[in-house]
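To keep things clear, I will list the structure first and then write my remarks on it.
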Amino acid sequence: MEKLERYEPLVEDFDAFLDACQRPLPSVVRVNTIKATPERAKAALDEDGIDWTGREWSDTVLELDTDNPGSTWASYHGWIHGQEEVSAIPAEVLAPESGERVWDACAAPGSKTTQLAALMDDAGLVVANDNNLGRLSALRFNTERLGVTNTAVTNSDSRNFSLKPFDFDAFDKALVDVPCSCEGTIRKNPTTLDEWSIDHVRSIAGVQKGILRRAVQATREGGTVVYSTCTFAPEENEAVLDYALETEDCRLVEFDIPLDSRPGVTEFDGESYHESVRKARRFYPHHNDTGGFFCAKLEVEG
Amino acid sequence: MTEDAPTNDGQQFDRLPATADDREVEGRATREEVVEWWDQRFAIPPETFEGYTFWEKGKGKIWILRGDVSSPLRIEALGMKFLRTRQEHWKPTTNAVQRFGREASTNVIELTREQARRFVRGEDQEIDWDGDWGYLVAVHELAGGREPLGVGLYVHDELRSPVPKGRQRDL
């Protein structure tokens, strides 16, 4: 926990933040609307005797009173998928529409890919890329289990992703949910911070910059890119946005997710970032009883 | 056949030819045959697959994609694994039957909750069935409707469960 002390200047009610980080997460699932309506998924959970609680900000996010949501008929049929509440934010912010072409740059194991496909009514194309071949098998398993048919899976380093195999030259939208130091997942995995180091944060920030930059380049003018991490480190969040604003034609835009959040920070540890990074949102564990998360929406300019 | 005759390349996705007249790769199923197979076996209306394209990657492995992309395509996966051809009896995948089997009206076997539990555990079971032997859509009643559990294989008075290991559950 002492590794989180560096965020004390950023986080109000810091003791409540630390306390929340030490509590386990509620068991949350997303309803897969490709295979079932929220009503039918809830009815199947009722038949299994599993209590559920809805969320005001999304019809498809449910908290279940079981530690094992996989042992339900709703899960066997692919009507529900275990996915942490904040992890459902970026696809909602990207809001892809039926028929669009969407790039999921760091797609495995596929929770967000399948959510994108569901938001598109499984029509249009999601190109789901990951650089890790081993993790792609989980991605493929999940897309098929959830009945997704509009996804093309590729295996490359997103920093130099090529559109060459496809018959189009730009995406309408891109989701850039990058690998990160995962500080925000400590409630799920209390050993997350054991290997934390500032060197790791800096090195992974370099990768994140390369991926976000390529995503802006691969998205058409007027298109949308959503950048997200599950970490608190400004080096991996606002600093990466600051770099993208500096090097590519894009701007940050406001978005509204009815969960309690705080704006992106413009100063940290002697560094300062572009004013507009305030338009990004920081989600802290003690505000909505979730994991920690960071999300920003960018518009690609000409 | 000349040396240059096109063959199935396991490294790439090739769109299925529309009909036998369009076929260039020997032994490759056609779109027409695939759609007819689902209609004949399960009475799933051919219109169900309007807007989808079918692809082969791997020997006889047919994939279904909503929409279309350029062919051939050298990538890891495209849409959903749908059907196994190039063998005596074509075999649909569990995931395809879960996704499209709601439309089925023939060769559909309705299981009780207990039979459904055994099916998703991957167990074979003796069940009376006076229809055709072969691949069936196994369904059960869930949340106010009939829902496909996957594909079952009925032979020798026994319903076999081909639910893949990773999809099996103890419910």
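In the text below, chain A, chain B and the rest are named by the order of the sequence lines, each starting its count at 1.
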Honestly, the part of B:Arg102 sitting under 4.5 Å from a heavy atom of chain A is side chain
For residues A:Pro165 and B:Leu73, report the shortest heavy-atom separation together with the two atoms involved. O-CD1, 3.1 Å
Report yes if the side chains of A:Tyr76 and B:Glu147 come closer than 4.5 Å at any heavy-atom pair, otherwise no. no
Might you point out which heavy atoms bring A:Leu125 and B:Val69 nearest each other, and give the distance in Å? CD2-CG1, 3.9 Å
Could you go through A:Phe141 and B:Arg167, starting from their C-alpha distance and side-chain angles, then the distance that decides it, and tell me whether this counts as side-chain contact (heavy atoms from CB on, under 4.5 Å)? CA-CA 9 Å; A:Phe141 179 83; B:Arg167 293 287 268 117; 3.7 Å; yes
Are side-chain heavy atoms of A:Met120 and B:Arg66 found at a separation under 4.5 Å? no
Quick check on B:Pro164 against chain A: is it the side chain, the backbone, both or neither that has a heavy atom closer than 4.5 Å? neither
The interface call for A:Thr151 against chain B, heavy-atom contacts under 4.5 Å, is backbone
Heavy atoms only, distances under 4.5 angstrom: which of A:Ala43, A:Ser75, A:Ala128 has the most pairs with chain B? Name it, please. A:Ser75
Would one find more than 12 heavy atoms of other residues, nucleotides or ligands at under 6.0 Å from atom CD of B:Gln87? yes
Examine whether an atom of B:Phe13 lies under 4.5 Å from a heavy atom of chain A, and if so say whether it belongs to the side chain, the backbone or both; otherwise answer neither. neither
Given B:Gly51, B:Gly67, B:Gly145, the one with more heavy-atom pairs under 4.5 angstrom with chain A than any other is B:Gly145
Residue A:Asp121 versus chain B: region with a heavy atom under 4.5 Å: backbone
Answer yes or no: does atom CG of A:Asn160 have more than 12 heavy-atom neighbours from other residues, nucleotides or ligands under 6.0 Å? yes
Smallest heavy-atom separation, A:His77 atom then B:Gln98 atom, equals O-OE1, 3.5 Å
Pair count under 4.5 Å, heavy atoms only, with chain A: among B:Gln168, B:Arg113, B:Arg117, highest is B:Arg113
Per-residue tally against chain B (heavy atom, under 4.5 Å) across A:Ala117, A:Ala152, A:Gly78 peaks at A:Ala152
Contact part of B:Phe82 toward chain A, heavy-atom cut-off under 4.5 Å: side chain, backbone, both or neither? neither
Against chain B, work out which of A:Asp122, A:Asn150, A:Thr143, A:Asp46 has the most heavy-atom pairs shorter than 4.5 Å and name it. A:Asp122
Cut-off 4.5 Å, heavy atoms of chain A, and the answer for B:Leu78 is both
For A:Asn189, I'd like to know if atom CG has over 12 heavy atoms of other residues, nucleotides or ligands within 6.0 Å. yes
Taking all heavy atoms of B:Arg99 and all of A:Thr149, pick out the closest pair and write down the distance. NH2-OG1, 4.0 Å
On a heavy-atom basis, the closest approach of B:Leu171 and A:Ser71 is CD2-C, 3.4 Å
CG (A:Asp169) with more than 12 external heavy atoms under 6.0 Å: no
Measuring heavy-atom distances to chain B, does A:Leu45 have an atom under 4.5 Å in its side chain, in its backbone, in both, or in neither? neither
Region of B:Ala116 in contact with chain A, defined by heavy-atom distances below 4.5 Å: both
From the list A:Lys42, A:Arg145, A:Arg140, A:Glu39, the residue making the most non-hydrogen contacts under 4.5 Å with chain B is A:Arg145
Verify the neighbour count for atom CD of B:Glu114: are there more than 12 heavy atoms of other residues, nucleotides or ligands below 6.0 Å? yes
At a heavy-atom distance under 4.5 Å, which candidate from B:Thr93, B:Val163, B:Leu149, B:Asp170 has the highest pair count against chain A? B:Leu149
Tell me whether A:Glu144 contacts the main-chain N or O of B:Lys81 through its side chain, where contact means a donor paired with an acceptor under 3.5 Å. yes
